[in-house]
Visitor: 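Structure incoming, see below.
We use all heavy atoms of the structure for the numbers below, so side chains are in, but hydrogens, waters and symmetry mates are not. From a predicted model like this one, the values you see are computed outputs, not experimental measurements.
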Amino acid sequence: MRMATADRHHKGELFRQLHAGPDAFVILNPWDAGTARLLTGLGFTALATTSAGLAHTLGRRDGANLVTRAETLDNARAIVEATHLPVTADLENGFGPDPEDVAETIRLAAAAGLVGGSIEDATGVADEPVHPLGAAVERITAAVEAAKALDAPFTVTARAENFLYGRPDLDDTIRRLQAYEAAGADVLYAPGLPDADAIRAVCSSVGRPVNVLAGGSGPRLSVARLQELGARRISLGSALSRAALGAVLRAAEEVRDHGTFGFAAEAVPYGQANALMAADLPETTRPDTARPEPARPDTGRAGTAGTARSEAEPHRRTEGTR
């Protein structure tokens, strides 16, 4: 059974209101149901998926068209069912070459219980890694129109990917974000901005809320500082999932290199971990009462269908952006 329309509407409105508040808010990125439960218990107000976190969980390299739309939505659905918070998703570039592919991804995302999703202007093609502006606007327009036709609010975030693909052109990035704003995007996002001045320039050049990435390869700025620069929403991409991978690597290297187990002193106690997972969920999000219909069969891969990036792709994404 689909999540009750009233519940999705409530979460969708709540998510939109977070962007309209006087202060910036941080949206953390779980990569599975367990981390969603943990972050929910810490008092955050919304969650977002991470494509890199999912890819690494599946034992695959991110940014190589190795995760399908169906897998992405299955992961998102598991996170939705694990929390009472609004959840938005990294929907890559919409999982297909045409605007209708993007529109269908938005519809399937809503059916999975999501209240928002981001669409990027990357192509997945090494020789032309970013869509021409006209084509990119058509794709954002399709996402916006599909979202407006839904029976509950769905926040569309439009991403300008220049800085992730070896195109550090701030002026073009701003032009793109302004065009996506004119196309109706609710939130604007340019991951990989290099410094505070670039963040300020982006935020001051558009009228819609701007998402800024923290925890990536860019400047290490606090929530307070990012808010001063104009950020309305702050996300972490894959930073938390990579932090977890780092902990596993350090623990395993300690055992291999020293034959000791000091890492265990930093581990979450078994009882506490069990308690975090045993906390009751609100009735509207329990899987047996709120399971959405399965996504229809799909073989679309991350990025543009039929244009998989090669293993030697020169315009690789900046680490930690997804």
Side-chain angles (χ1 to χ4, degrees), residues 18-19 23-29 46 48-53 62-63 88-93 116-124 129-133 136-137 139-140 155-183 185-243 303 314-322:
L18 289 172
H19 295 83
D23 298 323
F25 71 99
V26 179
I27 186 166
L28 296 191
N29 303 76
T49 69
T50 161
S51 63
D62 183 45
T88 186
D90 179 349
L91 299 176
E92 312 254 359
N93 73 353
S118 62
I119 300 293
E120 60 196 40
D121 57 12
T123 65
V130 177
H131 280 289
L133 181 57
V137 168
R139 295 163 65 80
I140 297 301
T155 297
V156 174
T157 298
R159 293 175 49 147
E161 303 283 287
N162 275 339
F163 280 88
L164 302 188
Y165 288 97
R167 296 172 43 143
D169 187 335
L170 183 60
D171 289 340
D172 182 65
T173 296
I174 290 173
R175 280 193 295 272
R176 286 173 174 272
L177 294 177
Q178 290 172 335
Y180 304 157
E181 178 180 10
D186 302 297
V187 179
L188 304 167
Y189 183 16
L193 295 175
D195 52 42
D197 288 341
I199 294 170
R200 181 188 293 107
V202 165
C203 293
S204 64
S205 297
V206 295
R208 297 285 171 86
V210 173
N211 184 99
V212 173
L213 178 71
S217 60
R220 297 289 191 264
L221 302 174
S222 67
V223 172
R225 178 61 173 145
L226 289 171
Q227 180 174 310
E228 289 176 0
L229 296 172
R232 178 68 64 182
R233 187 174 86 193
I234 301 165
S235 62
L236 295 183
S238 63
L240 288 178
S241 64
R242 289 182 294 107
H315 296 291
R316 196 72 58 76
R317 279 180 180 271
T318 303
E319 179 179 321
T321 60
R322 294 152 69 83

Visitor: Give the minimum heavy-atom separation between Pro219 and Ala196, together with the two atoms involved.
Guide: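 Taking every non-hydrogen atom into account, CG-N, 4.4 Å.
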Visitor: My understanding is that only residues two or more places apart in sequence, or in another chain, count here; which of them pass salt bridge (Lys or Arg N to Asp or Glu O under 4.0 Å) with Arg233?
Guide: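 Arg233: no salt bridge (Lys or Arg N to Asp or Glu O under 4.0 Å) contacts found.
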Visitor: Please list, chain by chain and in numerical order, all residues satisfying side chain to side chain contact (heavy atoms under 4.5 Å, CB included) with Asp23, sequence neighbours excluded.
Guide: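 Once residues adjacent in sequence are excluded, the partners of Asp23 under the side chain to side chain contact (heavy atoms under 4.5 Å, CB included) criterion are Gln227.
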Visitor: Please give me the minimum heavy-atom distance between Asp186 and Pro209, naming the atom from each residue.
Guide: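 The answer is O-CD, 3.3 Å.
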Visitor: Identify, with sequence neighbours excluded, every residue that meets side-chain hydrogen bond (donor to acceptor under 3.5 Å, both in side chains) alongside Arg200.
Guide: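 Result, side-chain hydrogen bond (donor to acceptor under 3.5 Å, both in side chains) vs Arg200: Asp197.
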Visitor: Listed by chain and number, what are the side chain to side chain contact (heavy atoms under 4.5 Å, CB included) partners of Thr173, not counting sequence neighbours?
Guide: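 With sequence neighbours excluded, Thr173 shows a side chain to side chain contact (heavy atoms under 4.5 Å, CB included) to Ala160, Asn162, Phe163, Leu177, Ala190, given in chain and number order.
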Visitor: Atom CD1 of Ile140 and atom OG of Ser118: how far apart are they, to the nearest 0.5 Å?
Guide: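 Result: 9.0 Å between the selected atoms.
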Visitor: Listed by chain and number, what are the side chain to side chain contact (heavy atoms under 4.5 Å, CB included) partners of Ala136, not counting sequence neighbours?
Guide: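 Ala136: side chain to side chain contact (heavy atoms under 4.5 Å, CB included) contacts with Asp121, His131, Arg176, Tyr180.
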Visitor: Which residue pairs pass the salt bridge (charged side-chain N to carboxylate O under 4.0 Å, His left out) test with at least one member in residues 207-219, sequence neighbours excluded?
Guide: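 Those involving residues 207-219 do not exist here.
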Visitor: Between Leu28 and Leu236, is any pair of side-chain heavy atoms under 4.5 Å apart?
Guide: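 Result yes, sub-4.5 Å side-chain heavy-atom pair found.
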Visitor: Could you check whether any side-chain heavy atom of Asn93 comes within less than 4.5 Å of a side-chain heavy atom of Thr123, counting everything from C-beta outward?
Guide: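 Sidechains of Thr123 and Asn93: no contact.
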Visitor: Under the 3.5 angstrom rule, does the side chain of Thr49 hit a backbone N or O of Asp90 as a donor-acceptor pair?
Guide: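 The answer is yes, because a donor-acceptor pair under 3.5 Å joins these two groups.
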Visitor: Does the pair Ile199 and Leu226 meet the rule for a side-chain contact (heavy atoms from CB on, under 4.5 Å), with working shown?
Guide: CA-CA 8 Å; Ile199 294 170; Leu226 289 171; 3.9 Å; yes
Visitor: Looking only at heavy atoms, which two atoms of Glu92 and Ser51 are closest? And how far apart?
Guide: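 Minimum heavy-atom contact is OE2-CB, 3.2 Å.
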Visitor: If the condition is side-chain hydrogen bond (donor to acceptor under 3.5 Å, both in side chains), which residues does Ser235 pass it with, not counting sequence neighbours?
Guide: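 Per chain and number, Ser235 pairs via side-chain hydrogen bond (donor to acceptor under 3.5 Å, both in side chains) with Asn211.
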Visitor: Do Gln178 and Ser205 have side-chain heavy atoms sitting under 4.5 Å apart?
Guide: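 In short, these two side chains touch, coming nearer than 4.5 Å.
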Visitor: Can you name the closest pair of heavy atoms from Leu91 and Gly117 and give their distance?
Guide: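 Looking at all heavy atoms of both residues, the closest pair is CD1-CA, 3.8 Å.
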Visitor: With sequence neighbours left out, write down each residue that passes side chain to side chain contact (heavy atoms under 4.5 Å, CB included) with Ala201, or none if nothing qualifies.
Guide: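 By the side chain to side chain contact (heavy atoms under 4.5 Å, CB included) rule, Ala201 matches Leu170, Ile174.
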Visitor: At their closest point, which heavy atom of Leu229 faces which heavy atom of Leu221, and how far apart are they?
Guide: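 Heavy-atom minimum between the residues: CD1-CD1, 3.8 Å.
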Visitor: I'd like to check the side-chain hydrogen bond (donor to acceptor under 3.5 Å, both in side chains) partners of Glu181; sequence neighbours left out, ordered by chain and number.
Guide: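 Expected list: none.
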Visitor: Backbone N or O of Arg225 within a donor-acceptor pair of the Ser222 side chain at under 3.5 Å?
Guide: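 Checking the backbone N and O of Arg225 against the side chain of Ser222, a donor-acceptor pair under 3.5 Å is found.
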Visitor: Has Arg220 got a side-chain atom pairing as donor or acceptor with Gly218's backbone, closer than 3.5 angstrom?
Guide: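 Answer holds: yes.
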Visitor: Side-chain contact test, heavy atoms from C-beta onward, threshold under 4.5 Å: evaluate it for His19 versus Thr157 and give yes or no.
Guide: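 Not touching, per the 4.5 Å side-chain cut-off.
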Visitor: Which pair of heavy atoms, one from Leu213 and one from Gly237, lies closest together, and at what distance?
Guide: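 Here Leu213 and Gly237 meet closest at CD1-N, 3.7 Å.
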Visitor: According to side-chain hydrogen bond (donor to acceptor under 3.5 Å, both in side chains), who are the partners of Thr155, at least two apart in sequence or on a separate chain?
Guide: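 None.
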